[in-house]
Number of protein chains: 2
Amino acid sequence: METYTIKDIARELGLSTSTVSRALRGSYEINPETKRLVMECAERLNYRPNPIALSLKGSASRAIGVILPQVANYFFSQAINGIEAIAYNRGYHVIIFQSQESYEREMANVQQAMSRKVDGLLMSLSSETSDVTHLQDVLDKNVPLVLFDRVSSELNVTKVVADNFGGAFAATEHLIRSGRRRIAHLTIQPWLSITQERLAGYRAALEQNGLEFDEALIRYGTFGPDEVGPMVDELMHLGSPPDAFFTASDRLAVGCLQALRQRNLHIPDDVSLIGFTNLNVADLLDPPLSTVVQPAQEIGQLAAERLIDQIERKHRALPIETVRIPTELVVRSSTRLEAVKL
Amino acid sequence: METYTIKDIARELGLSTSTVSRALRGSYEINPETKRLVMECAERLNYRPNPIALSLKGSASRAIGVILPQVANYFFSQAINGIEAIAYNRGYHVIIFQSQESYEREMANVQQAMSRKVDGLLMSLSSETSDVTHLQDVLDKNVPLVLFDRVSSELNVTKVVADNFGGAFAATEHLIRSGRRRIAHLTIQPWLSITQERLAGYRAALEQNGLEFDEALIRYGTFGPDEVGPMVDELMHLGSPPDAFFTASDRLAVGCLQALRQRNLHIPDDVSLIGFTNLNVADLLDPPLSTVVQPAQEIGQLAAERLIDQIERKHRALPIETVRIPTELVVRSSTRLEAVKL
DNA sequence: TTGTAAGCGTTATCAT
DNA sequence: ATGATAACGCTTACAA
């Protein structure tokens, strides 16, 4: 499986490289017969244009960069799957960079992606990122950028996100309707868009149902597996302790479930628990975990579609919008399973 | 954040591009003073060499290609994490390709990786792959290749795998020791290396314990979520039905657990179950799932390390070997669970 | 010690 | 309709 270049074809056919190049890309100004010969020869040699050379030349690299915090994560790995599926169909390659939740690394990743001449960039911000000038630079260079999941309000770009507000609202309201009054909310870093939206949904549900929003029931942070337990204890020892937990991530949901179990708190008799998570075995857990599920794959697909649309129609201005995809609240109990679409 | 080239530095300093190039890479034959000037200027302009140009030139691209079946998978996403960590430390980028378990796509991926001039290739074979000539081509082009997890015996390359034989042996022996005699084995495609090794471990454990190896208890395939149930039924209706299940993948383990639960079979009183899986909430399931865990991240790290070693010391011949990393058998029982329910 | 020029694979701009 | 040439950013003989 040798690798041939335009030069080889040119030599083989006694033509110039420019003619071959034109023939290959079906230029109208070349002899149909020549075209046929070139095509046939290219086919025979299994010619493949060198993407590196193409990129260097400045034209499309047919690669899109994906920068996200972590691959080993239920949500993101599913999202990548969606991205890759669309990209593959439309003839693009996906170059994945992990920021590992580090602002430093995210900036380095952006640099690298740019210098690898990706045709566009798909990003979900690291939890350390607040300043987004590195992304403004991307836009200034006219490289299409689409944000998904963890987005920034400071950038005027297309964003694809789950309906975090709606999901949080539904979860909280469900807890209220089932009689809960003191709902704790364990969440991640407060400056992230998803955190704010979920918190807003939680708060709105409380207020619309005449319940007080109590800061004492909110916990922000990056929690390791061993840190959730103490936090649960802390909350349970409040003057008026929570009768339910609403958690904002996979890890928090699992950590909280584990903590509650270890403390012999029965769910949902003692406390209720709903987690924002894409864990796909939630129904097999003990007890089954009620979840707000983000359509990760769909988010990835949509983000990739928007990005490639932008790449391919650079001339026309495409509308900049925020696409919000509904989440699904799946309430699970040991006896029944009901899905509520928002 | 403009992007500067060697030319810019050369112009700025009134030097030639070659001098700048040499200075940048610290060639011994240039004036220390000039070197200093160049370095200072490069620093000031935030100069970054263009990797595309480097690749085209034929030198290192400092990128490694990773071709694997699926990102959205417990094992692979963790492995990627390990790979990326090592690659980042050693100054390499990771370009990920998903074969989606398709031989066609795997070949296309290899082509693409090659034409993107990756410095080396890390692969786990698709479940459709039996012919490996596309990988022999890679080797013929002197591109370092390391296989992990799903490997091929036909290629003389370094391989990093979990100790599948040992894990399967341990799991099976554990089941036998706990009194099981008819252990069904649900597994994936028979031609995959991991399938064969696990089957061999299972068989060896049976035979060393004086139990008969019964083909009727083995099921191979790609099972969707709905197909495991019928298969379990089929097995349970055998003249002498299984009293235990040993499953070879995440999906099979979860599917089997679900099927057994739905059929009200109690674990481990009616049947026992151990799964080869990297699911990280196995202890929270109902009942807790005993697992054979592969050190996915470590496998990724080791594979990446070997590959980069090979890339960087192309001159010396590095030993070709198969690294086998121990798996961990985690036996979980529901005793704690019952305590909670009291 | 530094500069010149060729070359990596491709395409765009001029010729012819 | 086709060919020659320059250019993309960088490295590397070879000259000076």
Side-chain angles (χ1 to χ4, degrees), chain A residues 2-39 41-42 45-63 111-112 114-119 141-143, chain B residues 2-39 41-42 45-63 111-112 114-119 141-143:
Chain A
E2 273 303 300
T3 173
Y4 296 96
T5 72
I6 278 193
K7 260 186 192 163
D8 297 312
I9 300 181
R11 185 160 13 78
E12 183 111 357
L13 267 50
L15 291 171
S16 79
T17 58
S18 17
T19 306
V20 174
S21 172
R22 279 183 283 236
L24 252 16
R25 55 188 38 250
S27 165
Y28 60 95
E29 52 181 351
I30 59 120
N31 190 319
E33 176 57 13
T34 312
K35 199 183 270 188
R36 207 189 49 71
L37 277 173
V38 170
M39 287 307 196
C41 183
L45 298 185
N46 188 30
Y47 166 78
R48 294 279 174 275
N50 181 329
I52 299 286
L54 287 176
S55 312
L56 182 56
K57 196 67 183 77
S59 56
S61 66
R62 294 203 81 81
Q111 275 261 3
Q112 284 289 343
M114 295 303 285
S115 61
R116 283 191 184 280
K117 292 273 194 305
V118 295
D119 291 343
K141 283 184 187 131
N142 271 315
V143 173
Chain B
E2 272 304 298
T3 173
Y4 296 95
T5 73
I6 276 192
K7 258 185 194 164
D8 297 312
I9 301 183
R11 185 160 9 82
E12 183 112 358
L13 268 48
L15 291 171
S16 78
T17 59
S18 26
T19 305
V20 174
S21 170
R22 280 184 281 239
L24 251 16
R25 57 186 37 252
S27 165
Y28 60 96
E29 51 180 353
I30 58 118
N31 189 319
E33 175 58 12
T34 312
K35 199 184 267 188
R36 206 190 48 71
L37 276 172
V38 169
M39 288 307 197
C41 182
L45 298 185
N46 188 30
Y47 167 78
R48 294 281 175 271
N50 180 331
I52 298 286
L54 287 177
S55 312
L56 184 56
K57 195 66 186 78
S59 57
S61 66
R62 295 201 82 81
Q111 275 262 4
Q112 285 289 342
M114 296 303 286
S115 61
R116 284 192 184 277
K117 291 271 191 305
V118 294
D119 291 343
K141 284 184 186 132
N142 271 315
V143 173

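In what follows, every chain begins at residue 1, and chains take the letters A, B, ... in the order their sequences are listed.
- When every heavy atom of Ile9(A) is checked against every heavy atom of Val20(A), the shortest pair comes out as CG2-CG1, 3.8 Å.
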Steps toward side chain to side chain donor-acceptor pair (under 3.5 Å) verdict (Asn50(A), Ser115(B)): CA-CA 6 Å; Asn50(A) 181 329; Ser115(B) 61; over 6 Å; no

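- Rounded to whole Å, the distance from NZ on Lys7(A) to P on dG3(D) is 16 Å.
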Determine, stepwise, if the pair Lys35(B) / Leu24(B) fulfils side-chain contact (heavy atoms from CB on, under 4.5 Å). CA-CA 7 Å; Lys35(B) 199 184 267 188; Leu24(B) 251 16; over 6 Å; no

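- Shown here for Pro51(B) and Arg116(A), the closest heavy-atom pair between the two residues is CG-CG, 4.1 Å.
- Counting to the nearest Å, the P atom of dT4(C) and the CG atom of Leu15(B) are 11 Å from each other.
- Close to dG3(D), at under 4.0 Å from its OP1 or OP2, lies a side-chain N or O of Thr19(A).
- Within the 4.0 angstrom heavy-atom criterion, no nucleotide atom of any strand lies near Ile52(A).
- Among the atoms of the strands shown, base atoms are found under 4.0 Å from some heavy atom of Leu56(A).
- In this structure, Ser27(A) has no side chain to side chain donor-acceptor pair (under 3.5 Å) partners at least two apart in sequence or on a different chain.
- Between the CG atom of Leu13(A) and the P atom of dA1(D) there is a distance of 17 Å, given to the nearest Å.
- If you measure from atom CD1 of Ile9(A) to atom C1' of dG9(C), you get 12 Å, rounded to the nearest angstrom.
- One atom, CG of Asp8(A), and another, P of dT10(C), lie 9 Å apart when rounded to the nearest Å.
- The side chain to side chain donor-acceptor pair (under 3.5 Å) check on Ser18(B) picks up Ser16(B), with sequence neighbours excluded.
- Here the side chain of Ser55(B) pairs no donor or acceptor atom with the backbone of Lys117(B) at under 3.5 angstrom.
- The side chain of Ser21(B) contributes an N or O atom lying less than 4.0 Å from OP1 or OP2 of dT11(D).
- Note on Tyr47(A): a side-chain N or O is less than 4.0 Å away from OP1 or OP2 of dT10(C).
- Each of Ile6(A) and Val20(B) lies near DNA chain C, and the nucleotide nearest Val20(B) is the one positioned closer to the 5' end.
- Taking side-chain N and O atoms only, Lys57(B) has no distance below 4.0 Å to OP1 or OP2 of dC8(D).
- Within residues 22-38 of chain B, the residues that have a heavy atom under 4.0 Å from DNA chain D are, in order of number, Arg22(B), Arg25(B).
- Put simply, the side chain of Ser18(B) and the base of dT4(C) share a donor and an acceptor less than 3.5 Å apart.
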